[in-house]
Amino acid sequence: MREQRAQQYPEEPPDEAAQGKPPGSSADGGSQDRSARRAVTVFPVLVLVAGALGLVMPGTFAGGGDAVPYLLGIVMFCMGVTMTVDDFKGVAKRPWAVALGLVAHYVIMPGLGWGVAHALDLPPQLAAGVILVGCAPSGTASNVVTYLARGDVALSVSVATVSTVVAPLVTPPLTLLLAGEYLPVDAGSMVADILKTVLLPVLAGLVVRLLAGRYVTRALPALPWLSALTIAAIVTVVVAGSADAIKSAAALVMLAVFLHNGLGLGLGYAAGRLFRLGEPSSRALSFEIGMQNSGLAASLASAHFSPLAALPAAIFSVWHNVSGALAAAWFSRRGR
């Protein structure tokens, strides 16, 4: 879903300018933008249906756990294909704002995950899963939601790009530090998994974009749907693997996810205002911090902990898109 790109944005856009052109606007950016917005709108419903399938027919899908890393690789490849060199140039143009967003992301969400796990006295598997969600990079729909919120899309793209690239170096040690008290964490193996399922597919997609940009551009409107369907498949498998536990733990996990996501959105916005980044940039940080790559968290939890530990990521995958869409609507209405 990273096809939502800002080709040219001022370094500090005012509220009206922050709307600008839709991310990725170009000769055929209009259809690309409409496709992305439809995908984000439909995505929560799609994931809900996928989760229901896993819950109703666990025997059919529970055996697909081995496919989760490959499915995540498809999502990350789609992200890489939608990246451009301008995404990386944006980091150099605004290093302070991007650095603030990156540090806030990897401080606020992991800390909130640890705090929520302790406050709710979650069982070890669920606590580790919530913390792992917090240690993941930015979510794949954050750029689109930032655009719908009339936020600073250029900053959103830059923070999301950097948080994904540095994930192999940051996510495993953070998980070891915060979740190690609950379950054993093999940080070295986790680094290898993130490299294989995140960084390498993203780089492969970026190379394909550079070498075959003309052909890739024609396929861009379909990529949000491919990503959405693939993430839905991940959720189906994850829910099927822990279907029995969901009946007894779902309410507690939902409360943990609501608190984690809601506080992340609020503190992300507050961080932008505290450091005087301006309203559009503060909105961007709200979504870059509050929305997580829950597909990666689900994959890592299934591989390194258990299907039950992946349950928070599965629920987060649905809820952060719902809450993000609601927050974007509120921001947009408030901006007018």
Side-chain angles (χ1 to χ4, degrees), residues 1 4 36-52 101 104-105 108-113 115-117 119-120 126 129-153 156 159-160 163 224 227-228 231-232 234-235 238-239 250-273 279-280 282-298 311-335:
M1 291 189 182
Q4 297 293 314
R37 283 192 287 180
R38 291 192 195 104
V40 170
T41 302
V42 174
F43 182 54
V45 177
L46 183 63
V47 176
L48 278 172
V49 172
H105 178 87
I108 290 175
M109 289 305 282
L112 284 176
V116 168
L120 298 181
L126 294 179
V130 170
I131 292 171
L132 185 52
V133 170
C135 296
S138 296
T140 55
S142 58
N143 299 161
V144 185
V145 176
T146 297
Y147 166 64
L148 297 177
R150 297 157 59 91
D152 185 345
V153 184
S156 174
V159 173
S163 74
S227 295
I231 293 175
I234 293 174
V235 171
V238 168
V239 170
L252 183 62
V253 177
M254 289 177 67
L255 176 59
V257 167
F258 293 167
L259 290 173
H260 197 186
N261 170 245
L263 290 172
L265 291 172
L267 291 177
Y269 178 80
R273 301 302 291 177
E279 179 66 19
S282 298
R283 295 180 185 185
L285 288 193
S286 175
F287 298 116
E288 288 308 317
I289 291 170
M291 299 182 72
Q292 300 292 89
N293 189 333
S294 46
L296 172 61
L311 181 57
I315 295 179
F316 201 101
S317 182
V318 180
W319 176 247
H320 79 154
N321 285 281
V322 174
S323 65
L326 292 174
W330 183 79
F331 275 132
S332 181
R333 193 173 299 115
R334 175 183 168 200

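Between D152 and E279, the closest side-chain pair of non-hydrogen atoms is not below 4.5 Å. Contact of the Y269 side chain with the L285 side chain is not registered, since no non-hydrogen atoms from C-beta on lie closer than 4.5 Å.
Taking the side-chain contact (heavy atoms from CB on, under 4.5 Å) definition, one finds that L120 meets it with V116, L122, L252, L255, A256, L259, sequence neighbours left out. Residues that satisfy the side-chain hydrogen bond (donor to acceptor under 3.5 Å, both in side chains) test with S317, not counting sequence neighbours, are absent from this structure. Contacts of S323 classified as side-chain hydrogen bond (donor to acceptor under 3.5 Å, both in side chains), with partners at least two apart in sequence or in another chain: N261.
Atoms OG and CH2, on S294 and W319 in that order, are 14.0 Å from each other to the nearest 0.5 Å.
Counting all heavy atoms, side chain and backbone alike, A325 lies closest to V145 at N-CG1, 4.5 Å. The nearest pair of heavy atoms linking Q292 to H105 is OE1-CE1, 2.7 Å. Looking at every heavy atom in both residues, I315 comes nearest to M254 through CD1-CG, 3.9 Å. Minimum interatomic distance between G151 and R283 (heavy atoms only, all atoms of both residues): CA-CB, 4.2 Å. Contact between A327 and F287 at its shortest, heavy atoms only, is CB-CE2, 3.8 Å. Contact detail for M109 and G290: the closest heavy-atom pair is CE-O, 4.1 Å.
Of the options I108, I289, L112, a side-chain contact (heavy atoms from CB on, under 4.5 Å) to L263 is made by L112 and by none of the others.
With H260 contributing its side chain and G115 its backbone, the two residues share no donor-acceptor pair below 3.5 Å. A donor-acceptor pair under 3.5 Å is absent between the side-chain atoms of S286 and the main chain of G268, judged by distance alone. A donor-acceptor pair under 3.5 Å links the side-chain atoms of S163 to the main chain of S138, judged by distance alone.
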